[in-house]
Amino acid sequence: MKSSRTAAPRRTARAPRGARLPLHRRALHRLAPLLLGLALVPLARAQDGASEDVRSLFPRVARIDTAGAYGLVRAPLPAEVLESVRADLADVRVFVYDQSVEFVIESDPPRQPGEARLLTPLDVRERMTGERQAPRVEETWDVELPSDWPDARTQPEQAAVWRLEFRFGPSELVRELTVHRVEASGAETEVLSTTLFRMLGPLREKVAVDVPAVPGARLRLRLTGPAPAERPAMTLRRDSRSAGPRELSVPLEVVSSERSADGQETILTVRRPRGIVPDALVFETSSGAFHREVIVEDAGVGARSAEVGRGVIFAIPSWDEASLELSLGRTSGDLLRVRVVDQDAPPLAELRVGARVRQPALVFEAQGREAQLYYGGARATRPAYGLGELRGRLTPSAAVADARVEESRANPSFHAGPVLEFAMRAGAPVELAGFSHVLPLRAGETTEGLIRVRLPFAALALARDDLGDVRIVDADRRQWPYLWGDDWTEESIQAAVRVGPLPEGRGSSVSVELPPGGVQVEHVQLDVTEALVSRPYEVWGAYDAEGELTELSSGTLTRGPGIRGPLRVDVGRSLYRLELRVRDGDERALSVRGATVVTRARDLLFAAPPGEYRLLLGNAQLDPPAYDVESARDLVLSLRAADATLGELAANPEFAPPSPSRDALTETALLVVLALAVLLLGGLTFRLVRSEAGSESESASASASESASASASASASESESESESESGAGGAPHEGRDKLPE
């Protein structure tokens with residue numbers, strides 16, 4: 001979730017210097033700084049230059065010695081400052097003449113672009129030595145360094161590292177290297193003697209050395225090792241940099257050290273000060289020759305990723321070679337989890353961990369006087385300075401004087417209230433009857449005002465999948481805003497197992513007993529006695545207590561010779577029941593001594609005064625909460641939290657679940673009403689249609705009657721006429737018809 005930032009406040013325009021204000025307005029102007037200091041909340045963006053009370057946000061102040069320079073100066077920040085500030089240096093301000101000044105943060109010293117050239121040997125010689133069964137070869141090359149590169153002796157402002165790289169074939173190798181500088185008279189002066197090597201699985205190598213930055217110098221290189229000759233290609237690289245590279249080595253506090261459950265790893269939990277963002281970890285140990293794989297994971301409050309570094313550290317004292325640094329990616333948590341994979345080797349002795357940090361510097365304009373650096377507290381947001389456009393123009397040739405930060409002390413004007421005082425307010429009341437369970441918790445005294453609640457797996461299992469039904473309330477049933485941390489941590493649960501045959505045979509069922517109420521199963525570790533295993537399996541699980549088992553995934557259980565530790569089965573589901581169906585073939589069933597279910601826990605963070613609170617969960621009808629504190633997420637996650645004391649998770653005595661019968665009755669009544677409405681509308685429609693049909697029938701009958709009457713009348717008239725005609729003629733009945741008139 002992205003954090004939103006408030007817009008920078010507008011500066012108030014000042015009255016002209018000579019303008020006369022009314023008395024009450026002048027008094028108000030004099031009281032303005034005091035009123036601002038009283039109303040200032042910790043999260044508000046500091047109005048730099050508007051009032052000196054902005055300095056009350058920072059607990060520390062240090063002097064910046066500018067040596068009387070005018071114009072731009074560069075002040076590197078020492079480790080003492082970095083350990084007390086935020087990682088983004090938002091809580092840093094510079095004051096000159098009691099006024100806040102703009103600055104730009106310079107992360108790296110200015111560098112000139114590098115350059116590389118392929119070296120062509122001037123003279124190549126080979127000499128075979130050693131026994132016939134193990135011949136050795138000595139290869140000798142003479143090379144000449146470029147004459148047009150800057151000379152570090154005469155141009156120290158362009159000091160550079162000249163690095164000679166050898167490109168060998170892809171196989172493993174060990175070669176002794178000596179480098180001599182050859183004078184015009186032919187005399188040789190040794191420059192260095194070292195060992196080049198490459199080892200595979202995993203790759204670790206040393207195939208480059210630093211040589212003197214002397215243009216036009218002639219070097220004689222000798223490589224000695226097993227035959228045949230390697231004949232590598234050689235590239236000279238010039239990596240220009242400032243005369244004093246800014247790097248700090250900061251020792252890190254080891255909070256805890258433990259062994260893993262299988263005894264194969266040493267696990268160190270190391271505290272990372274929030275302003276120390278290491279590029280690499282540096283290890284120290286009193287052990288002799290060793291080789292270890294190291295895995296570093298981001299952990300603690302604010303952590304956003306699991307693995308931030310993986311590599312190999314080793315030492316070979318007889319070769320005077322060691323690689324004790326491990327590069328890291330970006331870290332955000334306040335802890336680092338360092339896993340040293342020992343396998344069957346003993347733990348490293350007196351293992352210490354430090355951080356290699358690029359030292360940032362502040363570049364600002366001095367005015368011939370010393371400046372003050374106010375820092376720490378994590379209360380201010382990062383200022384918006386236009387001077388940031390200067391960053392691209394800070395080249396090695398730019399005119400920037402050196403300054404030094406020194407004499408750090410406590411800030412006497414610091415306001416020592418909790419950092420999250422602005423967020424310590426209760427929200428809307430909560431109806432407790434809708435929650436099935438309650439977890440009592442107690443918040444103690446904190447410097448920053450931040451409380452951390454690490455929910456146990458039993459509570460997570462009772463909450464909804466989206467965790468939107470979690471609320472924290474006080475004794476008055478008012479809810480307190482919270483946010484979820486970014487870090488999920490693993491927790492292990494020892495589980496009992498039952499092994500039995502499958503009904504279809506040639507297989508076995510391994511039922512893993514899960515806690516009541518279900519649990520999020522990340523993976524399962526099976527402790528089996530067999531030294532060699534290669535068997536297909538299926539994962540079956542149920543999503544509720546009464547549900548049927550369904551197949552979730554499949555894979556193969558494998559363990560090779562000499563490999564120890566439990567067998568891992570990935571699951572990644574929230575389950576009430578779990579069963580593994582192993583296809584044993586013609587082997588006997590696995591001897592499973594036990595299982596470890598690995599689940600996840602998540603941190604909940606809220607700002608509140610000390611006191612008793614309750615955490616409510618288990619409400620299927622509730623919408624997820626919406627709190628303002630989410631907009632200050634970056635600030636909250638950058639602070640160090642104090643852990644809450646948790647009570648026993650229990651059923652909520654005030655819980656009143658929705659009545660299923662009432663809901664069913666309401667639904668039935670609605671269906672009845674709808675059915676009656678449909679019948680009524682159907683009856684009305686039928687009656688209307690029938691009425692229209694009857695009217696048309698009556699109209700047709702009347703018309704037919706009138707037509708029949710008219711026809712009858714006409715027939716009667718004709719009959720009477722014919723009768724009269726016949727009686728008048730006195731002849732036969734048809735006689736008159738055939739007789740033509742005369």
Side-chain angles (χ1 to χ4, degrees), residues 58-60 62 64 74-94 103-111 161 239 241-255 268-285 294-305 307-311 313 322-338 351-364 373-378 382 391 394 400 402-406 408 634 637-640:
F58 309 102
R60 304 289 298 176
I64 303 179
R74 177 185 290 111
L77 298 179
E80 180 183 5
V81 173
L82 296 179
E83 291 175 355
S84 303
V85 299
R86 291 177 52 177
D88 60 356
L89 302 183
D91 50 351
V92 170
R93 295 295 187 274
V94 176
F103 61 84
V104 61
I105 299 173
E106 185 184 70
S107 300
D108 293 298
R111 292 175 180 266
V161 172
D239 181 19
R241 64 187 183 192
S242 62
R246 293 200 309 267
E247 287 186 347
L248 294 175
S249 295
V250 182
L252 299 181
E253 176 191 357
V254 178
V255 179
L268 304 179
T269 301
V270 180
R271 189 178 304 282
R272 182 187 70 83
R274 53 194 173 196
I276 299 296
V277 184
D279 291 325
L281 292 185
V282 182
F283 297 87
E284 296 181 13
T285 177
V294 178
I295 304 166
V296 182
E297 300 170 347
D298 199 11
V301 177
R304 298 181 179 178
S305 59
E307 184 176 307
V308 293
R310 179 189 290 261
I313 61 174
S323 177
L324 298 175
E325 286 195 11
L326 177 64
S327 297
L328 295 185
R330 183 73 177 182
T331 58
S332 56
D334 64 347
L335 298 175
L336 293 174
R337 190 166 181 260
V338 182
L351 183 60
R352 296 178 296 277
V353 183
R356 181 170 57 80
V357 184
R358 283 176 293 178
Q359 185 181 22
L362 304 182
V363 179
F364 61 94
L373 173 69
Y374 288 83
Y375 66 93
R382 193 165 188 172
R391 185 177 291 108
L394 293 175
V400 182
D402 292 330
R404 187 172 60 183
V405 178
E406 54 188 19
S408 176
D634 288 345
L637 294 182
S638 70
L639 301 178
R640 183 172 297 177

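The residues of the chain are indexed from 1 along the displayed sequence. Keep in mind that this is a model prediction, so the values were computed, not measured.
By the 4.5 Å heavy-atom criterion applied to side chains, Leu248 and Pro76 are not counted as neighbours. Using a 4.5 Å heavy-atom threshold, the side chains of Glu247 and Val357 count as separate. Between Arg272 and Val277 the shortest side-chain heavy-atom distance falls below 4.5 Å.
Judged as a side-chain contact (heavy atoms from CB on, under 4.5 Å), and not counting sequence neighbours, the contacts of Leu281 are Leu252, Phe283, Val296, Leu328, Leu336, Val338, Val353. Listed by chain and number, the residues in a side-chain hydrogen bond (donor to acceptor under 3.5 Å, both in side chains) with Ser84 amount to none (sequence neighbours excluded). Every residue was checked against the ring-ring contact (aromatic ring centres under 6.0 Å, His included) condition with Tyr375, not counting sequence neighbours, and none meets it. Looking at residues two or more places apart in sequence or on another chain, you find a salt bridge (charged side-chain N to carboxylate O under 4.0 Å, His left out) between Arg60 and Glu80. Residues that satisfy the side-chain hydrogen bond (donor to acceptor under 3.5 Å, both in side chains) test with Glu325, not counting sequence neighbours, are Arg356. Taking Arg310 as the reference, Glu293, Glu307 meet the salt bridge (charged side-chain N to carboxylate O under 4.0 Å, His left out) condition, with sequence neighbours excluded. Annotation: side-chain contact (heavy atoms from CB on, under 4.5 Å) contacts of Ser249 (sequence neighbours excluded): none. Every residue two or more places apart in sequence or in another chain that forms a side-chain contact (heavy atoms from CB on, under 4.5 Å) with Glu284 is listed here: Arg352. For the side-chain contact (heavy atoms from CB on, under 4.5 Å) test, residues two or more places apart in sequence or in another chain that qualify with Pro78 are Val81, Val405. Asp279 pairs by the salt bridge (charged side-chain N to carboxylate O under 4.0 Å, His left out) definition with Arg358, not counting sequence neighbours.
Proximity of a side-chain donor or acceptor of Asp91 to a complementary backbone N or O of Arg86 within less than 3.5 Å is detected.
Here the straight-line distance linking atom CZ of Arg337 with atom CG of Asp298 works out to 12.0 Å at 0.5 Å rounding.
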